[in-house]
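Have a look at the structure below, then the notes.
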Amino acid sequence: MSVAIRIQQVSKSFGAVRALDRVDLAIEPGEFFGLLGPNGAGKTTLISALAGLVRPDHGTLSVMGHDVQSDYRAARRQLGVVPQELVFDPFFTVRESLKIQSGYFGIRDNDAWIDEILENLGLTPKAHANMRMLSGGMKRRVLVAQALVHRPPVIVLDEPTAGVDVELRQTLWAFIRRLNEAGHTIVLTTHYLEEAESLCSRIAMLQAGRIVALDTTANLLRRFSGH
C-alpha cells in the first residue's frame, strides 16, 4: 500500500525567511502522527503546502499516492484539513455550510453522514443556527465537520484545540480517535507535548523549518525527558 503522506526535500522561503528547509517525511496509512514545534517552526506552512495552498520552491508532496501539484484534484479529495483560523461564511446555517462543502467535492445526498458528524461533534442542536451566531468553540467544531464531510482518508488538524474549552477538546479527541480506529490517517500539529503524548504513536519535531527529531512517541519522551 502507498504511504498516506510523502514529503520529499520540500523547501519554502518567504523573502529572507526560510519557512521550510529540505523537509523529508513519510506517514503510513492509519497512523496517528504528531507534528510538534514552537510558533514559527513551519508547521502551518507545511500543512498549507500539503493542501496545495502554498507552492514549495523545491521538492514534492503527495497524498495517498497523488501528487499535490500535478494531480491536485485527486490529492485534495483524499485530504481533510482543519485550519487554525476560524474561517466561515456568515450567511449560512451550520447544516447549509456542510451541504455546500459536500458540493465542492461533487457529493450529493450526504445528509446521513452530515447527521452523524453533527451528532458526534455535539452540533445537532446548532444545525439550523446561523454561523455568525455561534461561539468560537462551536465555530471550531464546524471547521472540523467541514474537513470530514467528504470522508477523506487523511485528516490534518492544525492546532485544533488552541484556545478552546475542555469540553470541546474532549469531544473532539473522542471522535478523532474513533476515526483513527476506523482506519483514517490523522496528522496533528500542536505545541502541547501532553496532547501529542496521549494521542500520537509517532512524532516529528520541527524547528526553524527543519525536522530535528523523528521517532515513536515513547522513544522521544525517553530522549527528551530531561529537558
Side-chain angles (χ1 to χ4, degrees), residues 1-85 104-105 147-148 150-160 176 179-180 183-191 193 195-196 199-221 223-224:
M1 181 184 291
S2 174
V3 295
I5 293 174
R6 186 178 297 281
I7 299 166
Q8 295 178 293
Q9 290 292 297
V10 168
S11 297
K12 178 64 181 179
S13 295
F14 297 97
V17 177
R18 186 81 155 177
L20 298 173
D21 190 0
R22 292 168 292 175
V23 174
D24 268 314
L25 188 61
I27 299 172
E28 298 297 323
E31 268 199 277
F32 204 132
F33 188 90
L35 189 61
L36 268 68
N39 291 332
K43 302 187 301 296
T44 296
T45 301
L46 186 60
I47 297 310
S48 296
L50 193 63
L53 302 175
V54 167
R55 183 179 289 269
D57 301 325
H58 304 284
T60 61
L61 306 96
S62 65
V63 182
M64 299 301 288
H66 300 282
D67 186 272
V68 169
Q69 293 187 48
S70 64
D71 196 9
Y72 172 76
R73 186 183 295 271
R76 188 64 185 85
R77 189 169 186 122
Q78 303 299 311
L79 187 68
V81 179
V82 182
Q84 285 187 45
E85 298 80 10
Y104 291 151
F105 293 94
L148 299 176
H150 62 291
R151 299 177 186 256
V154 181
I155 302 163
V156 177
L157 303 107
D158 192 4
E159 300 195 19
I176 294 299
L179 289 172
N180 181 237
H184 291 265
T185 304
I186 311 294
V187 179
L188 166 69
T189 81
T190 182
H191 48 250
L193 179 59
E195 195 165 70
L199 294 163
C200 303
S201 58
R202 204 159 58 105
I203 292 173
M205 291 185 174
L206 201 63
Q207 183 175 347
R210 291 187 175 187
I211 292 179
V212 295
L214 173 62
D215 209 335
T216 65
T217 304
N219 286 346
L220 279 179
L221 288 171
R223 286 171 57 190
F224 293 100

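Predicted, not measured: the structure shown is a model, and the values here were computed from it.
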(message) A side-chain contact here means heavy atoms from C-beta on lying under 4.5 Å apart; do P56 and L20 qualify?
(response) no

(request) Supply the atom-to-atom distance R151 CZ to L179 CG, rounded to the nearest 0.5 angstrom. (result) 10.5 Å

(message) Is the shortest side-chain heavy-atom distance between I47 and E159 below 4.5 Å?
(response) no

(message) Going by side-chain contact (heavy atoms from CB on, under 4.5 Å), L50 matches just one of L25, V10, V63, V154. Which one?
(response) V63

(message) Looking at G37, is its backbone amide N or carbonyl O close enough to the side chain of K43 to form a donor-acceptor pair, meaning the two atoms are under 3.5 Å apart?
(response) yes

(request) Sort out for me which residue in D24, V23, L46 forms a side-chain contact (heavy atoms from CB on, under 4.5 Å) with I211. (result) V23

(request) With rounding to the nearest 0.5 Å, note down the distance linking CZ in R202 to CD1 in I27. (result) 7.0 Å

(request) Write down the atom of A49, the atom of V68, and the distance for their closest heavy-atom approach. (result) O-CG1, 3.5 Å

(request) Without swapping roles, check the side chain of H150 against the backbone of L79 for a donor-acceptor pair under 3.5 Å. (result) yes

(message) Is the shortest side-chain heavy-atom distance between L36 and T190 below 4.5 Å?
(response) yes

(message) Are more than 12 heavy atoms, taken from residues, nucleotides or ligands other than Y104, located less than 6.0 Å from that residue's OH atom?
(response) no

(request) Quick one: do T189 and T44 satisfy side chain to side chain contact (heavy atoms under 4.5 Å, CB included)? Show the steps, please. (result) CA-CA 8 Å; T189 81; T44 296; 5.6 Å; no

(message) Testing the basics here: between G65 and S62, what is the closest heavy-atom pair and its distance to 0.1 Å?
(response) C-CB, 4.3 Å

(request) List the atom of G30, the atom of T185, and the distance in Å for their closest heavy-atom pair. (result) N-OG1, 2.8 Å

(request) Answer yes or no: is there a side-chain heavy-atom contact under 4.5 Å between V81 and D158? (result) no

(request) Nearest 0.5 Å please: distance from the CZ atom of F32 over to the CD1 atom of I155. (result) 9.0 Å

(request) Working to the nearest 0.5 Å, report the span between CZ of R76 and CZ of R73. (result) 12.0 Å

(request) Indicate the atoms forming the closest heavy-atom contact of R22 with S11, along with that distance. (result) N-OG, 2.9 Å

(message) Looking at every heavy atom in both T217 and A196, which two are closest together, and how far apart are they?
(response) CG2-O, 4.4 Å

(message) So H66 and R77, do their side chains get closer than 4.5 Å, heavy atoms only?
(response) no

(message) What's the separation between atom CG in D21 and atom CD in Q207, rounded to the nearest 0.5 Å?
(response) 12.0 Å

(message) Measuring from atom CG of D215 to atom CE of M205, what distance do you get when rounded to the nearest 0.5 angstrom?
(response) 10.0 Å

(message) Contact between I186 and L199 at the side-chain level, heavy atoms closer than 4.5 Å - yes or no?
(response) no

(request) Indicate the atoms forming the closest heavy-atom contact of A4 with P29, along with that distance. (result) N-CD, 3.7 Å

(message) Within the 4.5 Å heavy-atom criterion, are F33 and E28 side-chain neighbours or not?
(response) no

